[in-house]
Amino acid sequence: MDMSNPINLIIVLVVAFSPLVIYALLCIRKNKSEKDDDAWETTTARLTGDEEAFTPEDKGTHGFYKAPDQKTEYQIVYTVDGVEYTKYINETEAAGSKNGTVRIKYYKKRPQRFKVM
């Protein structure tokens, strides 16, 4: 193919960059729909009292060893359209309580995605 011909160059560029442009547009569309308040529903999740303690992996800072802090996450359960979802939230989101309830927003199209309010 003669690349000195401007039409050939345009065809090569369009073919090369079309997948990238399509992917970018799909990502923008997805992010826009998730930011839409109508895409999220509010419900109450129950803190079950179960907790999971773990130590996050510490990569160290500037080559010095830093003792990692132990973290605790609390189990929550919520139901959407008859399906029960079990997830974990951190201590801050649980307001330091491992029993009770928390208000959450879940994404209607994928109820396993949620945010603590």
Side-chain angles (χ1 to χ4, degrees):
M1 183 178 273
D2 182 20
M3 294 309 277
S4 61
N5 185 346
I7 294 188
N8 288 340
L9 182 60
I10 291 171
I11 290 171
V12 168
L13 289 174
V14 167
V15 170
F17 287 104
S18 291
L20 181 62
V21 170
I22 291 169
Y23 178 75
L25 291 173
L26 289 173
C27 288
I28 290 168
R29 182 175 167 242
K30 179 182 176 238
N31 288 337
K32 185 179 178 183
S33 67
E34 288 183 11
K35 290 178 182 176
D36 184 12
D37 284 338
D38 293 336
W40 296 84
E41 187 70 37
T42 304
T43 190
T44 301
R46 180 177 51 87
L47 286 153
T48 64
D50 292 340
E51 60 184 69
E52 185 174 298
F54 66 97
T55 304
E57 186 177 318
D58 184 22
K59 305 236 189 272
T61 306
H62 303 292
F64 295 104
Y65 175 75
K66 176 183 164 242
D69 297 328
Q70 189 169 13
K71 303 286 183 185
T72 303
E73 290 192 338
Y74 298 100
Q75 188 180 68
I76 63 168
V77 176
Y78 61 97
T79 304
V80 177
D81 297 329
V83 179
E84 186 173 271
Y85 296 90
T86 302
K87 300 290 184 179
Y88 285 87
I89 60 175
N90 65 39
E91 288 180 278
T92 304
E93 293 170 326
S97 174
K98 62 182 189 177
N99 293 304
T101 59
V102 291
R103 296 290 293 164
I104 64 166
K105 279 180 152 181
Y106 64 88
Y107 187 52
K108 290 179 187 178
K109 292 181 181 177
R110 291 181 38 209
Q112 65 271 22
R113 294 196 58 202
F114 76 97
K115 303 175 191 178
V116 177
M117 296 176 64

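Only heavy atoms go into these numbers, but all of them, side chains included; no hydrogens, no water, no symmetry mates. Predicted model, so just to flag it, every value in this text is computed and none were measured. Count residues from 1 along the sequence.
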- Listed once per pair and sorted, the salt bridge (charged side-chain N to carboxylate O under 4.0 Å, His left out) pairs that draw on residues 87-103, sequence neighbours left out: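 Pairs touching residues 87-103 that pass the test: Glu51-Lys98.
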- Rounded to the nearest 0.5 Å, what separation is found between the CZ atom of Arg46 and the OG1 atom of Thr101?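 Taking CZ in Arg46 and OG1 in Thr101, the distance rounds to 10.5 Å.
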Linked hydrophobic residues, [X] as query - side chain contacts closer than 4.5 Å:
X     : result
Val77 : none
Ile10 : Val14
Ile76 : Leu47, Tyr74, Tyr78, Val80, Val83, Tyr85, Ile89, Val102, Ile104, Tyr106, Phe114, Val116

- Residues that Gln75 engages under side-chain hydrogen bond (donor to acceptor under 3.5 Å, both in side chains), provided they are two or more places apart: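 Partners of Gln75 by the side-chain hydrogen bond (donor to acceptor under 3.5 Å, both in side chains) criterion, ordered by chain and then number, come out as Thr48, Tyr88.
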- Task: Flag the pair Met117 / Thr42 as yes when at least one side-chain heavy-atom distance between them is below 4.5 Å, and no otherwise.
- Result: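 The answer is yes; the side chains approach within 4.5 Å.
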- Message: For the residue pair Lys115 and Trp40, would you count it as a cation-pi contact if the rule is NZ or CZ under 6.0 angstrom from the ring centre and within 45 degrees of the ring axis?
- Response: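 Yes.
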- Message: Around atom CD1 of Ile7, are there more than 12 heavy atoms from other residues, nucleotides or ligands closer than 6.0 Å?
- Response: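 At most 12 heavy atoms, drawn from other residues, nucleotides or ligands, come within 6.0 Å of this atom.
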- Task: Indicate yes or no for a side-chain donor-acceptor contact from Lys105 to the backbone of Thr43 under 3.5 Å, with no hydrogens or angles considered.
- Result: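 Checked: no pair found.
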- List in chain and number order the residues that pass side chain to side chain contact (heavy atoms under 4.5 Å, CB included) with Leu20, two or more places apart in sequence or in another chain; answer none if no residue qualifies.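 Applying side chain to side chain contact (heavy atoms under 4.5 Å, CB included) to Leu20 gives Phe17.
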